[in-house]
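Data block below; observations after.
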Amino acid sequence: MTSRPESPPWWRNRRYLPWLVQGVGALLIGVVVAFLLTNLLLNLTARGLLLSWSWLGQPAGFDLAETVLPFDASLPYWQAMLAGLVNTLRVVIAGLVGATLLGTLIGTASFSSNGLLRRLARIYVEVIRNIPLLLQLIFWYFVVFLSLPNGRDALQLPGIVLAKSGLFLGSPALIDGVWQAPLRFTVEFGALLTGLVVYTAAFIAEVVRGGIASVPNGQWEAATSLGLSPLLTLRRIVLPQALRVIVPGLNSQYISLAKNSSLAVACGFTDLYSVAETTLNQTGRAIEVMLILLGSYLVIDLVISALMNALNGLVQLRER
Amino acid sequence: MASTAPLVVQASLLRRLQKELFGSRVDGLLSIALLAALLAAGLGFFRWALFQAQWAVLGANSTLFAVGRYPVEQQWRLWLLIGLLALATGLSWGLLRAFPGSGGVRALWPRNDHWAAAILAVLALWLPMALHLTPAIKVRWWGIFALLLLARWAAGRYGKAIPQTYRRLFPLLWPLLYLVGMVLISGGLGLVQVPPSEWGGLLLTVLMATFAILLCFPLGVLLALGRRSELPLLRWGSVIYIEFIRGAPLITLLFLGQNILGFLLPGGFSPDRVWRAAWVLTFFAAAYVAEAVRSGLVAVPAGQLEAARSLGLPMPLALVHVVLPQALRVALPATVGQFISLLQDTTLLSLVGLLDLLGTARTVMANPMFLGKNAEVYLVLAILFWSCCVALGLGSRGLETRLNPHSPSAQKA
């Protein structure tokens, strides 16, 4: 026998091995998926729940406590879902603005020359980040907003009234013991928004802090020695550089805020998830409801990502 | 000379305070406003906590908060488990202390024994009193605490006498204890079955969190490796899985687990609601852990894997012995961060009708006897979650500095 180096058998050959492994893997996954889908089809057929979308046109039969679009129980399910989606969008957009403002404030406060303020900013972040959001939402709703006074005792500022029945804006008036105003937000909305803003602001503060810390000290010193005021230094010199680090970090925080808005159900706000849950309980259409839910949140995530990527393109350093 | 030393310290402290709080006129005004607000808030809180709040709701429901509706006549199993846990903790503590040179494991333990023991003692003595537990239960808690200290002392005193082969086997105690614990909790092997629907409160929260943390980590590592693999099927499979999970809110996935999983499996094969939620939590967290681990994998230079492969190590061994130890060290803070949010996410179980800590709290609130005691209960839950999360975070930071002794952050610490 000559000792000619033989190529290894085909099942150990480097050239085929990866494909062999992947082929077997694909086969396994295919079998599992086929098994699950067969079960799904069998189970759905057995219960008469095969995929169909016609139920979306049937009257919903439930009322929503709070909508922007006109809605009542006689309108179809798809309009209920739409109203829920609009509610979700409302709270997400308001939450993004609020959390960004508060987060930036707290993030910059950790660079204050005032030691007390600096420590309070750290304490805020460490306290809020380590308590579950759901617990915070429930706390805001049941402990804070639901114990607000009502009627005459409501908290009143010029043009603003905060009562148990909601937040009233634009010359509110007490008519028969009930507050009325052109613009009203419910306490459910208020609790959800407050909870989301307070929670997300802690994370955004960390992102902002990291961004500002990434700007070398020399930049501050140089700007100050040129005679720029601290505020102007921050706006003209530090922020443009910090934003390059901050914007990508904000993106993921914004997306988690959008996803966290689905916890609205804990404080009684009728967002998309809560409408979907009611719809499922009434129709039993689990698959369709699930697809709508996943699809909607995916689209919201993608839109936020696209906007933030565009913003990122604007703030990044353009080099020749 | 010696008598002036404290004076100097005091002066510098005062000066530092003055500089930090009243450095400029704006700072001074700000400090006064903040101090006033803090004082008002603090006074208000203490007045509420001492005179208005009714803490009896916690003591009256302590069993419910601890174990949910776990059958009373079977609760001795949980006591036994707690006793075993205390014993194992004490033994590990003492042995680790007796053999300080054992590398990475040492980093898992508190630096200062006396402080740790003192804090434990205060908690163990004060908590049962504060909760107004019945004398029998108080005595049990104190006994368990004494057992822990005794085990620690015994292991520290006689640990050196144990032959090395047995000592090597000692860490296996923990996985063994986990299995024993599962049997004790759920029954089987001659014990009466206690179905998961009767677990609740802290027991359910801790079980779900440990189960999901233990399982999501290996899954996450596999997914992260898959995402960086050169095999397209593996890579795309991992990418699709990770992005799908990360694109959906956890609550919709829990909802999927509760409502759709039953359709996907043949009739009767679907696991219990509690286990369904546990698996959803695990698979959810795995996607996030995968991203954390990936950030560590990216930090390992490609030359490491190439060098290992060129030395003839097969791919799995090269990954396990060369790449992963370096990657996981870098990924440690992010991974523990994910564990912390997983612990927080267990509260979402209450939204799909499980009676974890938060779910139990909500049922207690619904009881007319305890109506309006929201603030007390939720405050205590918040403190509990906060301390667990902070402890995890501190532990991870300590571990990080001890695992990377040459990193700049460790030198500073």
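To find a chain, count down the sequence lines: A is the first, B the second, and so on, and within it residues start at 1. Given the structure is predicted, the values throughout are model-derived calculations rather than measurements.
- No more than 12 heavy atoms of other residues, nucleotides or ligands shown are found within 6.0 angstrom of CZ on Arg47(B).
- Between the CZ atom in Arg285(A) and the CG atom in Asn259(B) there is a gap of 14.0 Å [rounded to 0.5 Å].
- No donor-acceptor pair closer than 3.5 Å links the side chain of Lys259(A) to the backbone N or O of Ile251(B).
- Going from atom CG of Leu351(B) over to atom CG of Leu263(A) covers 6.5 Å, rounded to the nearest 0.5 Å.
- Here the closest non-hydrogen pair linking Glu126(A) and Trp386(B) is O-NE1, 3.1 Å.
- The residue from Thr346(B), Asp345(B), Thr347(B), Leu358(B) that alone fulfils the side chain to side chain contact (heavy atoms under 4.5 Å, CB included) condition with Pro132(A) is Thr347(B).
- For the pair Phe244(B)/Leu298(A), no side-chain contact is recorded, criterion being any heavy-atom separation below 4.5 Å from C-beta on.
- Between Phe139(A) and Asn374(B) the shortest side-chain heavy-atom distance does not fall below 4.5 Å.
- Here the closest non-hydrogen pair linking Ala248(B) and Leu294(A) is CB-CD2, 3.4 Å.
- Aromatic ring pairs are classed by plane angle as parallel below 30°, tilted from 30° to 60° and perpendicular above 60°; the pair Phe142(A) and Tyr378(B) is tilted.
- Listed options Leu135(A), Val144(A), Asp301(A) were ranked by heavy-atom pairs under 4.5 angstrom with chain B; first place goes to Leu135(A).
- Here the closest heavy-atom approach between residue Leu133(A) and residue Gln344(B) is recorded as N-OE1, 4.5 Å.
- Options Gly237(B), Gly393(B), Cys389(B) differ in how many heavy-atom pairs under 4.5 Å they form with chain A, and the most are formed by Cys389(B).
- Ser262(A) contributes atom OG, which lies 10.0 Å from atom CG of Leu254(B) (distance to the nearest 0.5 angstrom).
- Contacts between Leu302(A) and chain B at a heavy-atom distance below 4.5 Å are absent for every atom of the residue.
- The greatest number of non-hydrogen atom pairs below 4.5 Å with chain B, out of Phe35(A), Tyr297(A), Trp19(A), is found for Tyr297(A).
- Counting heavy atoms from C-beta on, the side chains of Ser350(B) and Leu134(A) come closer than 4.5 Å.
- Using a 4.5 Å cut-off between heavy atoms, Gln136(A) makes no contact with chain B at all.
- Separation of atoms CG (Leu30(B)) and OG (Ser113(A)) is listed at 8.5 Å; rounding is to 0.5 Å.
- Proximity to chain B is limited to the backbone of Arg129(A), based on heavy atoms less than 4.5 angstrom apart.
- For the pair Ser31(B)/Asn114(A), a side-chain contact is recorded, criterion being any heavy-atom separation below 4.5 Å from C-beta on.
- Within the 4.5 Å cutoff, the side chain of Thr252(B) has heavy atoms near those of the Met290(A) side chain.
- Rounding to the nearest 0.5 Å places OG of Ser252(A) at 11.0 Å from CD of Glu291(B).
- Residue Leu117(A) touches chain B through both its backbone and its side chain, counting heavy-atom pairs closer than 4.5 Å.
- Of the two parts of Val289(A), only the side chain, counted from C-beta on, holds a non-hydrogen atom closer than 4.5 Å to a non-hydrogen atom of chain B.
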Self-check item: Audit row: Ile131(A), Ile383(B), side-chain contact (heavy atoms from CB on, under 4.5 Å) steps and yes/no
Solution: CA-CA 8 Å; Ile131(A) 298 176; Ile383(B) 291 174; over 6 Å; no
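- Taking a 6.0 Å sphere around CG of Leu231(A), one finds it holds 12 or fewer heavy atoms contributed by other residues, nucleotides or ligands.
- Side-chain contact between Leu120(A) and Leu38(B) is present, with at least one heavy-atom pair separated by less than 4.5 Å.
- Only the side chain of Ile340(B) has a heavy atom closer than 4.5 Å to any heavy atom of chain A.
- Looking at Ile287(A), the atoms closer than 4.5 Å to chain B (heavy atoms on both sides) sit in the backbone and in the side chain alike.
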